[in-house]
Number of protein chains: 2
Amino acid sequence: MSSNADTNERISEAEHAVMEVLWEKSPRTAAEVCEEVCQRRDWSIATVKTLLSRLVSKNALATEPDGRRFLYRPLLERGDYRTSESRRLVDRLFGGRAAPLVAHLAEAEALTDDDIAEIEKLLKEMKA
Amino acid sequence: MSSNADTNERISEAEHAVMEVLWEKSPRTAAEVCEEVCQRRDWSIATVKTLLSRLVSKNALATEPDGRRFLYRPLLERGDYRTSESRRLVDRLFGGRAAPLVAHLAEAEALTDDDIAEIEKLLKEMKA
DNA sequence: TTTGGCTGTTTACATTCGTAATCATTGCAA
DNA sequence: TTGCAATGATTACGAATGTAAACAGCCAAA
């Protein structure tokens, strides 16, 4: 069912990159998060600290003190985030219906044969 | 195959609302666009004019003079926009694979039975 | 011919976002 | 004990966005 911390605030793309790191493993310090993303995104530690703060004030992350620094852990769950972002897209672009999205992906050839097979299997299982 | 005006610039959500109106029917004047969205989004005509200008400078709309006003028509195609936005989401949230997105929608119960039936039919047709 | 509306253009202004630099505190090494 | 290094907090600042108001040009009605 997935939980719900009241994360009404919207999470930006840069913030999302930080969330991904913490979803993968948490809790972590700011420095540890930086180790994971700073090279890839060409960020400085300062940037990471800013993003962490913003995520804390948006209630997407919780902190626990560890000596004189913080350990950060997600409050917002990855599944919930995926759900809300997916829903936003479907609402905005496909009138709220998911089927047209899949149709579109199919037409746009964004689906490989493997994807198609996989999705069919998924749907079959769903109905069972 | 869908065409390609070089619309590199990102289109914001408010701008997208304007695009939808013009995708539905074009060309239209600023006033006509306003008729369609101003109530719904609680915008003034001034806002619509700003958005139209920004879309023109982003190469998403073309104008043709009609007397002393402009008629606006889309350059960016709806299908292309949907494709790029969908791809963005899939890349950002699902590692670039569409199947996990569908799986997620299914798990999140964002798919109705009708959706599932419809998607199955679509996929079946695709393979044919 | 004057003037009132429309039109597009220019300017405005508060928020959010991306990306940091600086500041203040504090525990640890010398 | 004292100064440095690490860490969170505060401040910064330009670009994009949402949302408009002000302005300038011009056609049509009076």
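In what follows, every chain begins at residue 1, and chains take the letters A, B, ... in the order their sequences are listed. This one's a predicted model, so the numbers in the text were calculated from it and none came from an experiment.
Dashed line: the shortest gap from a side-chain N or O of B:Ser53 to OP1 or OP2 of C:dG8 is not under 4.0 Å. Note on B:Thr47: every side-chain N or O is 4.0 Å or more away from OP1 and OP2 of D:dG18. At the phosphate of D:dG18, OP1 or OP2 sits under 4.0 Å from a side-chain N or O atom of B:Ser12. A close approach under 4.0 Å does occur between a side-chain nitrogen or oxygen of A:Lys58 and OP1 or OP2 of C:dC17.
A salt bridge does not link A:Arg82 with A:Glu77: every distance from a Lys NZ or Arg NE/NH1/NH2 to an Asp or Glu carboxylate oxygen is 4.0 Å or more. Using a 4.0 Å cut-off between charged side-chain N and carboxylate O, A:Glu13 and B:Arg88 make a salt bridge. Ion pair B:Lys25/B:Glu32 not flagged as a salt bridge, since none of the NZ, NE, NH1 or NH2 atoms sits closer than 4.0 Å to an Asp/Glu carboxylate oxygen.
Remark: C1' of C:dT16 and CD of A:Glu9 are 11 Å apart, rounded to the nearest angstrom. We find that OH of A:Tyr72 is positioned 6 Å from C1' of D:dG8, with the value rounded to whole Å. B:Leu51 places its CG atom 15 Å from the C1' atom of C:dT9, with the value rounded to the nearest Å. Taking atom CD on A:Glu13 and atom C1' on C:dT16, their separation rounds to 14 Å, with Å as the unit. A straight line from CZ of A:Arg40 to C1' of C:dT19 spans 17 Å, rounded to a whole angstrom. Between B:Glu32 atom CD and C:dT7 atom P the separation is 9 Å, expressed in whole Å. Between the CZ atom of B:Arg68 and the P atom of D:dG25 there is a distance of 14 Å, given to the nearest Å. Distance B:Arg10 CZ to C:dT16 P: 18 Å, rounded to the nearest Å.
If you check every strand for non-hydrogen atoms under 4.0 Å, A:Asp42 touches sugar and phosphate atoms only. Looking at heavy-atom distances under 4.0 Å, A:Thr29 makes no contact with the nucleic acid at all.
Donor-acceptor pairing under 3.5 Å, judged by distance alone, is present between the side chain of B:Arg54 and the base of D:dG18. Between the side chain of A:Ser44 and the base of C:dA20, no donor-acceptor pair of N or O atoms lies under 3.5 Å.
Nearest nucleotide to the B:Ala30 side chain, out of D:dT17, C:dG8, D:dT7: C:dG8.
Within a 6.0 Å radius of CG in A:Asp66, other residues, nucleotides and ligands contribute more than 12 heavy atoms.
If you find the closest nucleotide of DNA chain D to B:Ala46 and to A:Leu71, the one lying nearer the 5' end belongs to A:Leu71. When each of A:Ala14 and A:Lys49 is assigned the nucleotide of DNA chain C with its nearest heavy atom, A:Ala14 is the one assigned upstream, toward the 5' end.
Between A:Glu15 and the options A:Lys58, A:Arg54, A:Arg10, a salt bridge (Lys or Arg N to Asp or Glu O under 4.0 Å) holds for only A:Lys58.
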